[in-house]
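Heads up: the structure comes next, in structure tokens.
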There are 2 protein chains.
Amino acid sequence: MFISKTSEYALKVLTYMALKNATQFSAQSLYVELDIPKRYLMRLLTDLSKSGFIKATRGRSGGYIFARPIDTIYFSEIINSVEDLQSFEGCVLGNAVCPVDKPCAMHHIWEKPKQAFLETIKTTTLADLL
Amino acid sequence: MFISKTSEYALKVLTYMALKNATQFSAQSLYVELDIPKRYLMRLLTDLSKSGFIKATRGRSGGYIFARPIDTIYFSEIINSVEDLQSFEGCVLGNAVCPVDKPCAMHHIWEKPKQAFLETIKTTTLADLL
DNA sequence: ATAAAATAATACCTACAAGTATTAATTTAT
DNA sequence: ATAAATTAATACTTGTAGGTATTATTTTAT
Ligand code: FES
Ligand code: FES
């Protein structure tokens, strides 16, 4: 499972845009390139727009462009905008946070993969794809 | 998100049993210890039983015991019994597998956390908790 | 024998993520 | 001005993981 389908879509869209280096992307053009249900994609684009990653211009020759320099957009921020990143920080056996005094049975074993994941998404930006 | 709630429950049950070192566990006793909805837990226990991790004995003084030595039970096997481990092996951007010739934009970045996760669950058994 | 205490099977319900449909608003080419 | 091409808003539908309810089966203490 790892991340939600919507996170997957969001990453797909933004990584595509980051690599393609076009000035503007219409929902239609993204739809034909990426394998995401059209209407779902369109709503996602508005969401990503509201979240401040991209900027929409409406109307006949409209579309989306990045709203910020891509070296300021961390993967953690993208994922966090469509699902709760907190669920990754917490305990794998369900505690809201890892209690420092009394960690769960899996705490130690879980530490490495958990940190690898969090560190990767927190220290990597879209620009690192280039 | 990481793993499903059901995986979480399965791990919770089996790690608890592995550490507790009692000869037998009733559904009731597991219910009062672990924070899992009772009926859901009961169904899960039958599932874990069918999967061969534990063995049920019915009747008045029944309950569950491990069906195999716990140093043969890998976390990967537990998770795989309640959700599809394949979804972790595949591409983070949705391809069924990572195409060796043409990996996706995130493939390189994703490699480390992905391997950390898979390696941990594939090389660790319940006995390693002791 | 019978009742109690346990697991098993089956069916149903619920909440939420994922997906779809419809209509509105905005911009620009003509 | 008008129509076309785009994004935005809102509401609805679907699929499925998670959770509940009911009844059946099995075993053992009495
Ligand atoms: S306490 Fe459970 S993972 Fe840290
Ligand atoms: S091809 Fe996407 S993660 Fe490997």
Side-chain angles (χ1 to χ4, degrees), chain A residues 1-13 17 22-32 34-67 79-85 87 93-94, chain B residues 1-13 17 22-67 79-85 87-88 93-94:
Chain A
M1 180 174 285
F2 258 125
I3 58 175
S4 71
K5 202 112 204 197
T6 309
S7 283
E8 182 182 310
Y9 291 160
L11 292 175
K12 214 169 184 179
V13 168
M17 287 179 62
T23 52
Q24 194 183 233
F25 301 83
S26 69
Q28 176 62 26
S29 76
L30 292 170
Y31 168 65
V32 302
L34 314 170
D35 191 35
I36 304 173
K38 183 158 183 183
R39 293 174 192 276
Y40 199 73
L41 169 62
M42 293 186 69
R43 213 181 43 182
L44 175 60
L45 287 167
T46 339
D47 290 348
L48 293 174
S49 201
K50 283 185 183 164
S51 300
F53 300 115
I54 54 181
K55 191 165 49 182
T57 54
R58 299 217 256 193
R60 187 158 176 146
S61 59
Y64 299 93
I65 58 171
F66 277 109
I79 294 172
N80 194 40
S81 80
V82 297
E83 68 182 297
D84 187 12
L85 198 62
S87 69
L93 294 192
Chain B
M1 180 176 285
F2 257 126
I3 59 175
S4 71
K5 202 111 204 197
T6 309
S7 284
E8 183 182 310
Y9 291 160
L11 292 175
K12 215 169 182 178
V13 168
M17 286 178 63
T23 52
Q24 192 181 235
F25 301 84
S26 70
Q28 177 62 26
S29 76
L30 292 170
Y31 168 66
V32 302
E33 286 299 330
L34 314 169
D35 192 35
I36 304 174
K38 183 160 184 182
R39 293 175 192 275
Y40 198 72
L41 168 63
M42 293 184 68
R43 213 181 45 183
L44 175 61
L45 287 167
T46 13
D47 289 348
L48 293 174
S49 200
K50 283 185 183 163
S51 300
F53 300 115
I54 54 181
K55 190 166 49 181
T57 53
R58 300 216 257 192
R60 187 158 175 146
S61 59
Y64 299 94
I65 59 171
F66 277 109
I79 294 173
N80 194 41
S81 80
V82 297
E83 67 181 297
D84 187 13
L85 199 62
S87 69
F88 294 94
L93 294 192

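Chain letters run A, B, ... following the sequence lines, proteins first, then strands; residues in each count from 1.
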| chain A on DNA chain D: first and last contacting nucleotide, 5' to 3', under 4.0 Å to a heavy atom? | D:dA4 to D:dA11

| Side chains of A:M1 and B:F88: does their closest heavy-atom pair fall under 4.5 Å? | yes

| field | Near-strand residues of residues 44-55 of chain A, defined as heavy-atom separation under 4.0 angstrom from DNA chain D | value | A:T46, A:K50

| field | Partner set under side-chain contact (heavy atoms from CB on, under 4.5 Å) for B:D84, not counting sequence neighbours | value | B:N80, B:Q86

| said: Holding to side chain to side chain donor-acceptor pair (under 3.5 Å), I want the full list of residues that pass it with B:T6, two or more places apart in sequence or in another chain. | reply: B:Y40

| field | Set of side-chain contact (heavy atoms from CB on, under 4.5 Å) partners for A:T46, sequence neighbours left out | value | none

| query | Atom CD of B:Q28 and atom P of C:dA4: how far apart are they, to the nearest Å? | reply | 17 Å

| query | OH of A:Y9 to CD1 of A:I36: how many Å apart, nearest 0.5 Å? | reply | 6.5 Å

| message | Pick the closest DNA chain C nucleotide for A:L41 and for A:R60 by heavy atoms, then say which residue is nearer the 5' end. | response | A:L41

Under 3.5 Å, side-chain donor or acceptor atoms of residues 49-58 of chain A against the rest of the protein: list the pairs with distances, not counting sequence neighbours.
{"unit_1": "A:S51", "atom_1": "OG", "unit_2": "A:D47", "atom_2": "O", "d": "3.0"}
{"unit_1": "A:T57", "atom_1": "OG1", "unit_2": "A:Q24", "atom_2": "OE1", "d": "3.2"}
{"unit_1": "A:T57", "atom_1": "OG1", "unit_2": "A:G63", "atom_2": "N", "d": "3.4"}

| request: Could you check how far CZ of A:R39 sits from P of C:dT22, rounded to whole Å? | output: 7 Å

| To the nearest Å, how far apart are B:R58 CZ and C:dA8 P? | 6 Å

Are there any protein N/O atoms within less than 3.5 Å of an N/O atom in nucleotides 16-19 of chain C, and if so, which ones and at what distance?
{"unit_1": "C:dA18", "atom_1": "OP1", "unit_2": "A:K5", "atom_2": "N", "d": "2.9"}
{"unit_1": "C:dA18", "atom_1": "OP2", "unit_2": "A:T6", "atom_2": "OG1", "d": "2.4"}
{"unit_1": "C:dG19", "atom_1": "OP1", "unit_2": "A:Y9", "atom_2": "OH", "d": "3.4"}
{"unit_1": "C:dG19", "atom_1": "OP2", "unit_2": "A:Y9", "atom_2": "OH", "d": "3.0"}
{"unit_1": "C:dG19", "atom_1": "O6", "unit_2": "A:R43", "atom_2": "NH1", "d": "3.1"}

| query | What residues, two or more places apart in sequence or in another chain, satisfy side-chain contact (heavy atoms from CB on, under 4.5 Å) together with A:S61? | reply | none

| Taking only residues two or more places apart in sequence, or in another chain, which ones meet B:E83 in a side chain to side chain donor-acceptor pair (under 3.5 Å)? | B:S4, B:S7

| message | List the residues meeting side-chain contact (heavy atoms from CB on, under 4.5 Å) with A:Y31, not counting sequence neighbours, and say none if there are none. | response | A:Q28, A:K38, A:L41

| said: With rounding to the nearest 0.5 angstrom, report the CG to CG distance, B:L93 to A:L11. | reply: 6.0 Å

